[in-house]
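Report on the following structure.
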Amino acid sequence: MINYRPFLDTLTDTALAHWQAPLAEQLDHLFATLNDGNLPRFLKQLDRLPVIEGVHVDLDQVAVSSDQPLSPDQSKQLNDALRGLIPWRKGPFQVFDTFIDSEWRCDLKWARVAPHISNLTQRIVLDVGSGNGYYGWRMKAAGARLVAGIDPSWLSVVQHLAINHYIQDPTHTVLPLTMEAMAPDLEAFDTVFSMGVLYHRRSPLDHLAELRAALRPGGELVLETLVIEGNDKEALVPPGRYARMNNVWFLPSPEALVTWLEKIGFDNVRIVDVTQTRPEEQRTTEWKPGQSFSDYLDPEDAGRTIEGHPAPLRAVLVAEKPANAERLRRYHLD
Ligand SMILES: Nc1ncnc2c1ncn2[C@@H]1O[C@H](C[S@+](CC[C@H]([NH3+])C(=O)[O-])CC(=O)[O-])[C@@H](O)[C@H]1O
């Protein structure tokens with residue numbers, strides 16, 4: 001249903017060549033057994049995207065423009081098709097004369113992350129929970145050779161296709177996979193990002209082990225997640241919801257996260273940023289109507305969520321898989 005062949009072809013002659021055949025088979029099986037009415041509905045929006053000539057791409061701004069101004073018909077078709085893929089949680093994107101003002105200002109997170117990571121030039125990157133691939137474009141702008149985003153949300157997958165419809169880059173994709181469903185132990189990526197995913201996992205240590213298994217020895221993990229203030233032994237398991245999300249499991253302190261990473265076999269673990277989420281970064285826009293960050297906080301106390309938990313605080317950690325890491329057994333806990 002989605003042609004991943006151009007991406008699969010880019011894996012030839014890379015450290016991911018051994019992933020090509022199993023991934024192709026996994027995607028074939030996924031589409032052969034798929035029973036999801038949303039995907040065809042989302043894909044229909046791609047057919048409405050107008051043909052536009054003379055496209056220029058600015059990946060730093062995640063912007064596409066054209067030599068020629070768009071005709072009123074082209075502008076309307078473009079805007080209608082992109083609005084057909086609302087809600088846009090991640091962005092922003094400038095798509096010719098349409099500015100997708102997404103719920104999240106992902107450029108703000110990228111500005112917190114980018115100064116602390118290894119140079120991405122020519123690196124092969126995995127972005128776990130990539131959403132619609134906003135960060136992948138920033139990684140490509142920073143020189144990455146190949147970026148594989150994975151995200152189980154079909155809307156995110158199709159939003160990526162809408163943007164890549166004009167950028168036309170086969171070396172950046174969003175695959176409809178969870179981390180758990182990805183081929184285990186690829187041991188091939190130079191950098192693995194997991195941003196905004198750890199707290200959604202019931203077994204966060206298994207998630208860290210899976211991330212480690214995807215990295216080549218000497219590769220770098222960039223981990224971003226919700227945290228709490230506390231000592232190196234503390235983590236919050238919020239009873240019920242957290243900031244109205246019903247799938248939040250573990251919010252460790254940054255120091256506890258360091259301990260978890262070291263226990264799973266990462267070296268040189270560093271906490272490089274801790275930032276309180278602010279309403280400027282996550283808010284309702286016309287591209288994501290309905291409730292957003294401010295509605296998730298206690299109206300009387302912005303330091304608390306609506307449920308009374310500590311308000312969202314996010315940390316970025318960077319860690320290395322030891323260069324001489326031996327293949328560890330399943331779950332890497334031994
Ligand atoms: N098991 C899983 N495996 C892979 N992806 C998953 C899984 N579970 C959920 N997701 C996906 O992870 C993303 C979490 S959002 C972070 C997006 C981006 N990284 C960001 O940092 O803004 C959370 C946030 O908004 O903070 C969603 O797109 C899920 O579909």
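Counting convention: from 1, in listed order, for ligands and their atoms alike.
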For ligand 1, which atoms, with element, lie under 4.0 Å from some heavy atom of R201?
1 (N)

Mutual orientation of the aromatic rings belonging to W110 and Y135 [parallel < 30°, tilted 30-60°, perpendicular > 60°]
tilted

From M195, E180, R314 - option closest to atom 16 (C) of ligand 1 by heavy atom:
M195

Whether the N164 and H172 side chains hold a donor-acceptor pair (N or O, under 3.5 Å, no angle test) is what I'd like checked.
no

Any heavy atom of H207 sitting closer than 4.0 Å to ligand 1?
no

Measure the distance from atom 25 (O) of ligand 1 to every protein heavy atom, then report the residue, atom name and distance (to 0.1 Å) of the closest one.
K90 NZ, 2.7 Å

Nearest 0.5 angstrom please: M195 CE to K109 NZ, how far?
5.5 Å

Students often mix this up, so state it plainly: with edges at 30° and 60°, are the rings of Y4 and F31 parallel, tilted or perpendicular?
parallel

Any side-chain donor near an acceptor of the partner, S102 and K288, under 3.5 Å
no

My understanding is that we take every heavy atom of each candidate and find the minimum distance to atom 8 (N) of ligand 1. Doing that for P312, P152, G131, G129, which one comes out nearest?
P152

For T178, counting its heavy atoms only, list the atoms of ligand 1 lying under 4.0 Å from any of them.
1 (N), 2 (C), 3 (N), 4 (C)

Pair T12, Q20: side-chain N/O donor-acceptor within cut-off below 3.5 Å
yes

Would you kindly say whether T98 and N79 are connected by a side-chain donor-acceptor distance under 3.5 Å?
yes

Nearest-neighbour protein heavy atom for atom 3 (N) of ligand 1, which is reported as residue plus atom name and distance:
M179 N, 3.0 Å

Distance-only polar pair, side chains of E103 and Q282, donor-acceptor under 3.5 Å:
yes

Is there a side-chain contact between V318 and E220 in this structure, where contact means two heavy atoms from C-beta onward sitting under 4.5 Å apart?
yes

Looking only at protein heavy atoms, which one is nearest to atom 26 (O) of ligand 1, and how far off is it?
Y199 OH, 2.8 Å

Quick one: nearest non-hydrogen protein atom to atom 15 (S) of ligand 1, plus distance?
G196 O, 3.9 Å

Which residue owns the protein heavy atom closest to atom 11 (C) of ligand 1, what's the atom, and how far is it?
D151 OD2, 3.4 Å

Nearest to atom 21 (O) of ligand 1, what protein heavy atom do you find, and at what distance?
K109 NZ, 2.5 Å

Side chain or backbone of F193 under 4.0 Å from ligand 1, or both, or neither, by non-hydrogen atoms?
neither

Please work out whether any backbone atom (N, CA, C, O) or any side-chain heavy atom from C-beta onward of V197 is under 4.0 Å from ligand 1, and answer side chain, backbone, both or neither.
side chain

Is the closest N or O pair between Y135 and ligand 1 shorter than 3.5 Å?
yes

